[in-house]
Engineer: 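Below is one structure. I have some questions about it.
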Protein chains: 2
Amino acid sequence: MSKQRPMSWLSTGADKPPRERLSVPTIVEAAYAVLDRDGFDKLSMRAVAAELGVAVSSLYAHVANKDALMHQMWVRSFLDSYIPEPTEDREEWTERLRLWARSTRAGLRSHRDLARVSMGQTPFSDESLPLLERTMAFFRSGGLPEELVMGAGDFMSTFIEGFVYEEQVWEERMNSVSPSERQAMVDEVREYFERLDPELYPNMSRLGPVVMRNMLNDDRFDRAIEIFIQGLLAQANRG
Amino acid sequence: MSKQRPMSWLSTGADKPPRERLSVPTIVEAAYAVLDRDGFDKLSMRAVAAELGVAVSSLYAHVANKDALMHQMWVRSFLDSYIPEPTEDREEWTERLRLWARSTRAGLRSHRDLARVSMGQTPFSDESLPLLERTMAFFRSGGLPEELVMGAGDFMSTFIEGFVYEEQVWEERMNSVSPSERQAMVDEVREYFERLDPELYPNMSRLGPVVMRNMLNDDRFDRAIEIFIQGLLAQANRG
DNA sequence: GTGAGCTACGAACACTGTTCTACACCCGAA
DNA sequence: TTCGGGTGTAGAACAGTGTTCGTAGCTCAC
């Protein structure tokens with residue numbers, strides 16, 4: 001009678017399916033489900049386990065710790081990102097660079113708070129290496145000076161990550177209040193600028209409308225990327 | 001000695017000084033002490049309270065919550081940052097811009113993990129407004145198109161924050177191991193690149209030495225800022 | 001068929017941020 | 001000088017976190 005189990009109709013709790021085995025991909029998927037539904041602050045090992053209907057400690061058989069899990073999440077988000085083919089044509093190159101920047105941002109925005117997960121992750125891992133290689137190949141084809149080939153991608157990535165990070169923190173703040181309060185928040189910012197003493201703060205008060213327009217993040221982003229591109233081209237022409 | 005206290009030799013535990021009253025600045029100072037000594041991960045309300053020899057709950061009479069405390073830390077770090085005077089001279093302006101960027105980075109690096117504290121903080125608060133005003137005044141004097149005056153400072157700030165954030169995450173990782181292991185980590189990176197199959201990863205393996213050189217963050221930073229400046233100048237000349 | 005090695009589990013530990021209630025103190029009014 | 005009253009402090013408690021442990025059961029190779 002070593003393993004005699006209790007008769008099924010006496011089974012406590014919900015009748016469980018044959019218990020599918022866990023795996024890293026399933027766990028990562030569940031983690032994304034939690035992230036998208038509840039946000040970064042609620043992303044806990046217990047929540048991920050609950051998502052799978054599994055005990056917390058079971059996760060640790062597949063993933064060393066929470067940081068490792070987040071690294072896996074980052075890797076996965078990285079895997080299907082767009083990387084342009086190299087081209088010698090300068091004009092085409094800048095156009096593809098623009099595209100790359102936009103889609104990198106889009107990738108980070110494909111999951112709620114993803115930037116907070118990916119921020120500060122080590123870029124060199126076996127999974128990401130092929131992608132880095134292709135990225136470098138593209139950047140090299142633009143005819144930049146050697147030190148800038150890696151630098152350019154690096155800088156732009158840092159900027160994009162930082163940009164989306166702040167963007168998403170801001171969106172979380174908006175999401176945490178009701179839609180009616182949301183409009184109130186926007187109005188508050190506007191009034192804040194309108195109430196500024198133009199004597200004391202000539203520049204800030206003059207810039208009020210610009211700030212409001214700048215809250216459209218797409219334009220802000222594009223403008224920043226344009227500055228980057230101009231700067232890169234200036235260096236390329238010189239070298 | 002207006003008021004009678006228990007005779008000192010009967011005092012329980014460590015003889016405490018007359019119990020000085022708490023205040024926001026003292027708390028912030030203690031928080032910085034914890035941050036510098038133990039790093040961001042160990043920065044807890046309890047640690048701050050312990051630093052002051054005070055109960056945790058006492059902090060909440062002066063500070064709404066941990067986020068509010070971190071906001072105060074950020075404000076304080078922001079207060080004594082360098083902001084250049086406006087100038088119409090284009091060459092002088094770019095030189096001061098360089099200086100501003102470097103000292104902004106230096107400010108963020110003035111405390112361990114400070115970038116992680118400041119990341120995602122709302123930039124508009126009564127304490128920071130005068131500084132923003134002066135910053136805008138400087139950026140405006142460079143003769144940039146109107147939409148870029150605020151954008152330029154904004155973009156560069158996000159970049160610098162992101163840069164220092166990653167930089168400090170890296171440094172924390174280095175600090176968490178012994179000095180002997182530290183060299184091992186550097187060697188590991190070098191070997192990682194040396195072992196790369198040049199057939200499979202021509203760009204990455206060729207860039208190995210560049211990566212190593214790039215680990216000197218000061219140069220990396222300066223190069224990035226130079227790109228920014230070139231880009232801004234290009235836009236300024238055009239507008 | 002049987003044993004060995006996975007792997008899931010529940011409980012526990014040492015933390016975290018935050019709140020509550022009660023107590024001690026200081027200050028100003030009487 | 002006496003007496004409250006309000007403020008700031010303290011301790012305990014709550015709900016939550018990441019992580020580890022020993023145990024029990026399952027699966028697979030032999």
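These figures come from a predicted structure and were not determined experimentally.
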Engineer: Please find the pair of heavy atoms, one from Arg173(A) and one from Gly120(B), that lie closest to each other, and give the distance.
Structural biologist: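 Shortest heavy-atom separation between Arg173(A) and Gly120(B) comes out as NH2-O, 2.9 Å.
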Engineer: Could you give the NZ-to-P distance, from Lys42(A) to dG17(C), as a whole number of Å?
Structural biologist: 16 Å
Engineer: Whole Å only: how far is the CE atom of Met45(A) from the C1' atom of dA12(C)?
Structural biologist: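 One finds 17 Å between C1' of dA12(C) and CE of Met45(A), rounded.
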Engineer: Could one point to a donor on the side chain of Arg46(A) or the base of dG18(D) with an acceptor on the other under 3.5 Å away?
Structural biologist: yes
Engineer: Is Arg21(A) near enough to dT7(C) that one of its side-chain N or O atoms lies under 4.0 angstrom from OP1 or OP2?
Structural biologist: yes
Engineer: What are the residues of residues 56-75 of chain A, sorted by number, that bring a heavy atom to within less than 4.0 Å of DNA chain D?
Structural biologist: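 Nucleic-acid contacts, sorted: Val56(A), Ser57(A), Tyr60(A), Asn65(A), Lys66(A).
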Engineer: Can you sort out the partners of Phe228(A) under ring pair (Phe, Tyr, Trp, His ring centres under 6.0 Å), two or more places apart, ordered by chain and number?
Structural biologist: Phe159(A), Phe228(B)
Engineer: Using whole Å, what does the distance between atom C1' of nucleotide dT16(C) and atom CG of Leu43(A) come to?
Structural biologist: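 The answer, rounded to whole Å, is 16 Å.
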Engineer: Quick one, Asp38(B) with Arg112(B), criterion salt bridge (Lys or Arg N to Asp or Glu O under 4.0 Å). Give me CA distance, side-chain angles, the key distance, then yes/no.
Structural biologist: CA-CA 9 Å; Asp38(B) 304 326; Arg112(B) 183 175 171 184; 5.9 Å; no
Engineer: Can you see which heavy atom on Pro198(A) is nearest to which on Ser205(A), and at what distance?
Structural biologist: CA-OG, 3.6 Å
Engineer: Taking only distance into account, with no hydrogens and no angle test, what donor-acceptor pairs under 3.5 Å do side-chain atoms of residues 39-47 of chain A form with protein atoms, sequence neighbours excluded?
Structural biologist:
{"from": "Asp41(A)", "atom 1": "OD1", "to": "Arg116(A)", "atom 2": "NH2", "distance (Å)": "2.9"}
{"from": "Ser44(A)", "atom 1": "OG", "to": "Ala47(A)", "atom 2": "N", "distance (Å)": "3.1"}

Engineer: Could you tell me how far apart Asp38(B) (CG) and dC15(C) (C1') are, to the nearest whole angstrom?
Structural biologist: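 To the nearest whole Å, that distance equals 15 Å.
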Engineer: Using whole Å, what does the distance between atom P of nucleotide dC9(C) and atom CG of Leu52(A) come to?
Structural biologist: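 After rounding, the reported distance stands at 10 Å.
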Engineer: Is the side chain of Gln121(B) donor-acceptor paired with the backbone N or O of Trp74(B) at a distance under 3.5 Å, no angle test?
Structural biologist: no
